[in-house]
Each structure stands twice: as structure tokens, then as C-alpha cells.
Amino acid sequence: MTMMLEQQPLRKKIKIENYSVDTFTSRYIPDDLLHEILIRLPNLGSAIRCSTVCKRWLSIVSRPDFTATFMDHHRSKVDLTLLFGDYFIFGSPIHISLPQRTTTLQSLPVASLVDTFRSGLDHLLLPDSNLLAMCEDLLLVRISAISDSYYVCNPLTGQIFMLPDPPEKVHGSSRYLARCGLVSEPKKNNNSNNNNNNNKPLAGSSTRYRVMLMFYSKYKNTSYRTFFCSETWQWTQVVENPGFVSSGNHDVVASNDGLLYWMHLERKWLIALDPFKAIDDVTAWNFFKLPDVNGQLRLGLFEGRPRLSQLFRDQVDTQHLCLKVWDLKDGSNDDIGHATASFPLVYQVKIVAEDLNSTFASVLALHPSHNNQIFMLCNRNLYQYDMETKKQVKVAEIRSDKFGKMTDLRIFPFVHPAWPKLI
Amino acid sequence: MSSSSTTTTTTRLLMLKASDGVTFEVEEAVATKLGAINNMVEEEGSEDLICLPNVNGKFLGMVLEWCKKHANNNTNSDKGNDEVNKWWDKEFVMDLDQNTLYHLLMAADYLSGTELVDLLTEKVASMIRGKKVEEIRETFKIKSDFLPGQEEEIRKKNSWAFE
């Protein structure tokens, strides 16, 4: 018996009776396949530029679901990308080798961003570029090769903007960049926004954002800060903060309600500020007392909220590493400047260290959406660790000449969002 | 795949007949890499000759060659095979001329070879990547059918992408 496979009913039929094998051009590709091709471009910007090729291409890029399918396709390939920011061990290259590249997790140095997103940023992301800060899909990058410039970019849309030079005052040779943050204005109404957006390929106004740079003086016990404001396209006047120097930790995170958080470890503060309300008025900043612990705390984000972690060798039971995780729980937080907060301990686990001679152990990143997963460094190895199942998976091996600084290495977990931010 | 036992003697063979009458005898495990054929085998069960009036023999042969490679590599269930497949895929699409590429893509789509469609659409996308609009038109032999000013209008509407 014989079976016949007819044309699939779902696809539009195309006439192929009288085609000649040699003159089969791209015109014959059905619209749905062309759609599949265009969502495989490296970023939305390049897909939208394709709409000027001809009317048919325009009609596909203009489909109401084009942006959504584009984002879905790219997210399905990698839902989490670890981006390495290597500024603080600058001058000593980091080598990362991956035991087994998986589809759900890729870890690459920031210089390989191009590879990760296959974006059109390759002409700008040179080996001398450092990822300084991240806020959802927006990145702050410094490129030393091009006269030390700062860029804000979105690898998903392919947009990249060079910021004007920061004020002279902060850039002197006796200053060093100690902290930097990037925060975008939170969406006012999530639902209505998305509905509007879905009617067009990628509409909506651009996102407002702020960049914070904090420099420390090598000789004076002081720091300087300046903020960049996307609407005015200017840096604010440099402000000196005497006695505001904190060493050790460089973590700055941007919460999903548009606040910047960082730590002052000597004074055991978690500092929060809303750069969309008051930048220069220190009295409008919030100072939360950190949990009273010895040793290095790390600051990260879980579901857009600040979360603290600590990994250390157990003093009594030296066979184990001890891992603690705290969430920030705001009290009356509207009363800015006088807010109270507590840090409930959400996890406390003992980890059997694979390498007991491990000298360096540090939490490098929190999983942004998995409650019980963290990324930790033990010696040279980066592990993804599950605090519930206590399973650890080696993600990468990291090498650097300045090994002691490795525990300070910053990793930015980039989650592919459902909808990209326009800058 | 899981239904057929691992010994070669029990492997069922299917006959696939292309539009130009060329026939291919392939193992069921290979042919069922194609969703359309898998469905037919599952639904109808016993048929051994399948006619594919929309695919030319030349391209059906290439599609089956791809299926064979992937079916073989997948049986040695090892993670290293992922890499092997990737390399082989790269070679498979490397020197395809556009004509063959489009035929293969349409054939793969018609036969619901999802993975192969993914590979081939990626390949076409790579031909667009990094090109200016004029270069894209040249590559794909497309003439602009916009009225004067229309193109400018699109640029204006999505100005962020053209900055």
C-alpha cells in the first residue's frame, strides 16, 4: 500500500508546478519561513532594518507577533547568560574554560558578548571592554581601548550609546573607579504597557535611566560621585563624600522598583537611593543595618529584590563551607531617609567542599529567578549550587594572574526578558 | 526510535518516493527524524511506500543524508555527540548554493524536520547578518518595490533601529 504526503495544511500553498530547479530564489520561501529566518537575526534592530528591503519583508517584520516571537526564540536558546565583568582585576586577563556548554547556561567573558548574543556590537566590544553594571537587559560597558569611554547598550535590540565623558574631577590619576551602577526607571503599569506594545513591532518610548560612578581618592579618605541622567544627557556635578570610603566590595545592584543598592562594609550598612528622586541629597538615602557577621558579604538580586549572601569556611567543622543567604525586608519604606529594614535569614546550608584545600570561596552571583540556586567560586572553579538538593554542577574554570582578587570577581546573570527595553 | 530494538536485523525499512520517481530505502529510525513521516508511520502503521510529491529526489536525498547522520550520532547517547553533530551540521550547510539551500529548506519544512529547518533558517539568517539593506537585496536578488519616500517613512517610524 502507498501513502501520499500532501502539502501541510498549516502553511500557505505556493505554486511549485512550473518552477525550474535553477531559478528558485528567495521569493519562493513562504512567509512563515521568512519569519523564522528574520527572528534568527542577532538583535531586533537588525531585524527591523530588514523591513526596508521590500514590501514583503516589511509585512513580516510588521506582524503583530514579530517582536514576541523574536524574543521567545532568543530566550529559548539561553534563558540565563552569565556575563563576566572583569574590571576589578583589570590588567590581568581572566581565562574561562567551559567543561560542557549547555543550552540553558552559557558563561562567557564580557569580551565574548558578541558570541553570546551574536549581536552587531562586535565593532565596539573589543577585548579591552569591561562590563561595569547591568539593569535587566541594559548594560553599562567601559571600553578602555577607545579613550576610556562609557557606553550603555542593549544587546537584544542592538542599541548602543556612548555617554559623554564624566566630569574631569573624577577622572584624575589618583582616583580609581570603585563602584558603578545602572538603573532604569521601573515600568509604571506592567499590563497596560505590554498590551500596547504588542500591537507594534517595537513601540513605546525609550527607557529613562541613571548611571552612578563613584571614585575613590588614593590619598585622601574621601570619595567622589557623579550621576548620569538619560533625559538631560549630562553628568551631575561631582560631589565629594568625605569619609565615605569602603573597601573590599564593589557590588551595586538595581532593584526592580528603580533603586540602587550597595554596601558599606566597615559601617555595616546597606545603602539605598532612588536616583529618579534625589541624587545629591544624602539625607534622602536609606541606610539599613546589615546582619552582624564577620567576613565578606555579597550583594545580589533575586526576583529583582536585593539579597545578601556569605560563603565561608566553617571554623569548627573545617570539612565544610558554610553558606548563608538573607533577603531584604523593608519596613515602612515610603518614608525615605527613615526607613527601617530587617534581613531575615532565608538559607543556611553546609556545603561539602569538593576541594578541601580550597583557599578561596565566594558567592559570585545569585540565580535571578531560582530561589535556591547560587553561583559560587571554590578555588578556580565556578559551580552552580542548589541549596535544596545540595547538588553542585561545575560551570566553568576561571583563571587569573591576580588570584587573590578572584573572590571579588563580578558575574552578572543576564536573563532574557519577554520584552526588551528601548534606550 | 525507542520502539525499534537496537539490533540491525529487526530494523524496519521504509521506501520514500520523490516527485521525480526516485526512491530511497531508509531505516525507519532515520526517516522518523522527519515529523511528517513519523506521524504517518504512527498513524497508519503498516505502509512501506511513502510518496512525497513535493520533493525532488536530489533534495530528498540530502535531507535523508542529514537524518542519517543525526540518527546515528544520537544512538550513542553521549554528550560529546552534541559537538559532533554541530560540526557536521556546519559542514553540511557551509557550501550550499542559494538554490539548493532554499529547496532543502522547503523540503525540510514540508517534511516537518524541525531541527533541519532550524539549521537552514539559521544559515539564511547568517547571510543577512552584518549586511546593509542594499547588500541584502543584492544577495537575495530582491528589487525594492517601495514607492519614493516610503522607505524613509519606515526609517522614521522605527528611528531607534536606524540611528
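Values in this document were obtained by computation on a predicted structure and should not be read as measured data.
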Side-chain atoms of residues 141-148 of chain B: list all donor-acceptor pairs with protein atoms under 3.5 Å, sequence neighbours left out, distances to 0.1 Å.
unit_1   : atom_1 : unit_2   : atom_2 : d
B:Ser144 : OG     : B:Phe146 : N      : 3.4
B:Asp145 : OD1    : A:Lys55  : N      : 2.8

Problem - Heavy-atom proximity to chain B below 4.5 Å, by part of A:Leu38 - result: side chain

Exercise for the section: Name the region of A:Ser51, side chain, backbone, both or neither, that has any atom closer than 4.5 Å to a heavy atom of chain B. Expected result: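 Backbone plus side chain of A:Ser51, per the 4.5 Å heavy-atom cut-off to chain B.
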
Handout entry: Residue-level interface, residues 132-139 of chain B with chain A, non-hydrogen cut-off under 4.5 Å
Key =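 Residues of residues 132-139 of chain B touching chain A at under 4.5 Å: B:Val133, B:Ile136, B:Arg137.
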
Exercise for the section: State, without any angle test, whether A:Asp72 and A:Thr69 hold a side-chain donor-acceptor pair at a distance under 3.5 Å. Expected result: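 No pair is found: no donor N or O on one side chain lies under 3.5 Å from an acceptor on the other.
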
Problem - side chain to side chain contact (heavy atoms under 4.5 Å, CB included) between B:Leu60 and B:Val22, intermediate numbers included - result: CA-CA 9 Å; B:Leu60 181 59; B:Val22 182; over 6 Å; no

Handout entry: Pairs of heavy atoms under 4.5 Å with chain B: top-ranked of A:Leu34, A:Ile39, A:Thr52
Key = A:Thr52

Problem - salt_bridge(B:Glu153, B:Lys157) N-O dist < 4.0 Å - result: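 So B:Glu153 does not pair with B:Lys157 through a salt bridge.
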
Practice task
Answer yes or no: is there an ion pair linking B:Glu115 with B:Lys33, defined by an N-O contact shorter than 4.0 Å?
Solution key: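 Salt bridge flag = yes for B:Lys33 with B:Glu115.
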
Handout entry: Non-neighbouring partners of A:Glu136 that pass side-chain hydrogen bond (donor to acceptor under 3.5 Å, both in side chains), sequence neighbours left out
Key = A:Lys421

Exercise for the section: Only counting residues at least two apart or in another chain, list the ones meeting salt bridge (charged side-chain N to carboxylate O under 4.0 Å, His left out) with A:Glu231. Expected result: A:Arg208, A:Arg210

